[in-house]
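Report on the following structure.
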Number of protein chains: 2
Amino acid sequence: MELDDRKKRVLQAIVDDYVATNEPVGSKSLIERHNFQVSSATLRNDMAELERLGFIEKPHTSAGRIPSDLGYREYVDSLMKIDTLTQKEQQEIESNISGTVDEAADLIKSATHTLSEATGFISLSMSPRLQKSFLKQIKILMIEPGKALVVLVLSAGVVKDKIVRIPNFITDEQMIKISGAIEKNLTGKPLDEITLVTVETAAKDTEIPSGILRQVLYEAYTAIKQADQLSIYLEGEHKMLAFPDFSSMGRARDLLGTLSDSGMVAGYVNEMENQAQVSGKKDSYMIRIGQEITLEGLDDCSFITATYNMGDTVSGNIGVIGPKRMDYSRVISKMDFVKKKLNEELKKLT
Amino acid sequence: MELDDRKKRVLQAIVDDYVATNEPVGSKSLIERHNFQVSSATLRNDMAELERLGFIEKPHTSAGRIPSDLGYREYVDSLMKIDTLTQKEQQEIESNISGTVDEAADLIKSATHTLSEATGFISLSMSPRLQKSFLKQIKILMIEPGKALVVLVLSAGVVKDKIVRIPNFITDEQMIKISGAIEKNLTGKPLDEITLVTVETAAKDTEIPSGILRQVLYEAYTAIKQADQLSIYLEGEHKMLAFPDFSSMGRARDLLGTLSDSGMVAGYVNEMENQAQVSGKKDSYMIRIGQEITLEGLDDCSFITATYNMGDTVSGNIGVIGPKRMDYSRVISKMDFVKKKLNEELKKLT
DNA sequence: TGTTGGCACTCAGAAGAGCCGAGTGCTAAT
DNA sequence: ATTAGCACTCGGCTCTTCTGAGTGCCAACA
């Protein structure tokens, strides 16, 4: 069922007006604000049709119409055109993201912050998926008898460390040997190709008794495996309280409650990313609207994400969560620009 | 002006009832719930007196009384008695905090989480104040030409690292020399005694050209200085939305907005800690009620903190932020127990 | 002097009535 | 297919009234 041109314009106008005013929009106000060359009665017919098709709905009999989830979906898929940012908007974002930061994590955080500031909504970032990054260096440093520090330097400028317990009687010299052997054999390997076996084989030509060795290697292995754990960072949650859409408090609580479970949110972002990969995404962004979001309490939200890249093989996500009654075009263009800048800056770190 | 015994009981009863019901409490309901051996008229006289003294107030003429900030203050200072936790409550906390964690930061986080769960309020923790910790190890590892990693191992099991830029042409051998020299001379020094001069002198007997050396040392120095930056961790913000005390949305937004500025909150916690030190605190906790809190939007909250210890010289804070209409005794006893457990576990890491 | 019963008074909040007006669907004419 | 016209709907605003918990105060009492 294809919408004719005018109906498309009507839907578009309804979304635009509703986003701008937060009031159900009626046929008459539609005529006033947009110059349709027809009468309000005609629009009423169109609106009845749009409602029958599920694109709009009315909160109650005597009110105007508001877009349904499907309506928003149609809007973002085929009706809206993405704006370009003004010089000033670009500058504001640019000046916040670029700078003299040497750690990728800081850069990503500052991009997240900028994104929340620029949109006025909740922003988030996922840490890079490091399974595909490779080990540039690995060192095991003795801290004190029984305790050592595993330091991993990964491609794309990421460093991870972990304190591990080791047998008490291992000496500095032994540890240097082990560390050297592991480093020699694992450097250059992608994280997801490193298994416990790989690690154990890596150190087999040291002449350390295998009992001792095993435990150290096991700890080194877990440190490596922990390095690619995903983490999520959220910012600007409180901004949602400013929107009338969440004035009911119960809704606000559900929303913030769900978001406080960062594991769950991270999982959901991952899912979005995966689905986009499978379906051969054509857009630079992924978007979920209202009930499409399976997280509890986000029924009145839209969730927009994009993918940033760190080197050739490693990527992560940034995203925005806002009321589904949002200016999609503005948000998407801002997110896109933030992503672009972030990619550029990340490249400089490589 | 000392309160006589009955007036004390009245104030106590008012606080208790108001905390339990969130309704202004009147003379009659006071008689019903507590067995005062006098009539409601007598209590009315007492209440008038308490109001004159500023301990209680009425929201409007025809309502009961609610405690004022001063009333709560009197309550926590001299009226309440701290409960002891039940076996079950203790176990719940214990099982969450102890465990096999090797990093102090993780331990503190899990204590914070437990604290929020146990109280139902916002909890927070400050990272340990590391100025007084001493350097156990410092290593500078080459990552690639122009880039190095400074790794600091501090007393009390804290590790910090920082990627720094260095002159391109420094060789591995040179770096090992520099690293060794710094380590030899700085190990064992408290962070706050290390200055740029200390660092520069530490490496002066390497035979590296001083131009090159200077930059590396400067970077090492900033890495050290960055290590003791305070950070704050907050959890459970959304829980506040459940309380009728914050149902006005505007208040909720102000509260969460203020809390999202972590630097500001950290500064305030610091201030509380310092004032407690100066005034020779006698309690194991610090408490600020309502308007006593200078942070914007926390007028309806109480802010309770305690100090945890990591070794002899290093300490940090944990705390709870809840509605000032809270069960102080319960919260304080829980926080105290969490702190105790946290201290025990931290000790194990040393 | 502290305590009590009694009484007039207050006032927030709930409940109900009425109105307004933006918006709708439908019909008949163009 | 479009339009004018019209009867109808109903959320939300205002206004009023009512209710009841709670108060302050006074005069009597122990």
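Every value quoted in this text rests on a predicted model; they were computed, and no experiment measured them. Lettering follows sequence order; numbering is per chain, from 1.
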Rounding to an integer number of Å, can you tell me how far [X] [atom1] sits from [N] [atom2]?
| X | N | atom1 | atom2 | value |
| --- | --- | --- | --- | --- |
| B/Leu43 | C/dG5 | CG | C1' | 14 Å |
| A/Glu51 | C/dT24 | CD | P | 9 Å |
| B/Glu49 | C/dT3 | CD | P | 12 Å |
| A/Asn45 | C/dG25 | CG | C1' | 9 Å |
| B/Lys58 | D/dA21 | NZ | C1' | 13 Å |
| A/Arg52 | C/dT24 | CZ | P | 17 Å |

query = With sequence neighbours left out, what residues match A/Ser68 under side-chain contact (heavy atoms from CB on, under 4.5 Å)?
reply = A/Glu57, A/Leu70

task = Check side-chain hydrogen bond (donor to acceptor under 3.5 Å, both in side chains) between B/Glu92 and all other residues, then give those that pass, not counting sequence neighbours.
result = none

message = Please enumerate all residues that pass side-chain hydrogen bond (donor to acceptor under 3.5 Å, both in side chains) together with A/Ser302, with sequence neighbours excluded.
response = A/Tyr328

request  = Please report the closest heavy-atom contact between B/Leu295 and B/Asp299, naming both atoms and the distance.
outcome  = O-OD1, 4.3 Å

inquiry  = One thing to verify: whether B/Glu49 and B/Lys7 come together as a salt bridge, which I'm taking to mean a side-chain N less than 4.0 angstrom from a carboxylate O.
reply    = no

message = Going by the rule ring pair (Phe, Tyr, Trp, His ring centres under 6.0 Å), which residues pair with B/Tyr18 if we only count those two or more places apart in sequence or in a different chain?
response = none

note = Those residues at least two apart in sequence (or on a different chain) that pass ring pair (Phe, Tyr, Trp, His ring centres under 6.0 Å) with B/Tyr75 are none

task = Rounded to 10°, tell me the angle between the two end axes of the helix from C/dT1-D/dA30 to C/dT30-D/dA1, each built from five pairs.
result = 30°

Just wondering, are more than 12 heavy atoms of other shown residues or ligands nearer than 6.0 Å to [atom1] in [X]?
| X | atom1 | result |
| --- | --- | --- |
| B/Asp5 | CG | no |
| B/Glu271 | CD | yes |
| B/Arg251 | CZ | no |

key: Stretch residues 19-42 of chain A: residues that reach within less than 4.0 Å of DNA chain C through a heavy atom   = A/Gly26, A/Ser27

inquiry  = Near DNA chain C, counting only heavy atoms under 4.0 Å, which residues of residues 60-72 of chain B show up?
reply    = B/His60, B/Thr61, B/Ser62

Who are the salt bridge (charged side-chain N to carboxylate O under 4.0 Å, His left out) partners of [X], not counting sequence neighbours?
| X | answer |
| --- | --- |
| A/Asp69 | A/Lys324 |
| A/Arg9 | none |
| A/Glu23 | none |

request  = Using the closest heavy atom to pick a nucleotide of DNA chain C for each, name whichever of B/Arg6 or A/Met47 lands nearer the 5' end.
outcome  = B/Arg6

Pull out every protein N or O sitting under 3.5 Å from an N or O of nucleotides 28-30 of chain C, one pair per line with the distance.
none

message = For a quick check, tell me whether the side chain of B/Arg44 and the base of C/dG6 share a donor-acceptor pair closer than 3.5 Å.
response = yes

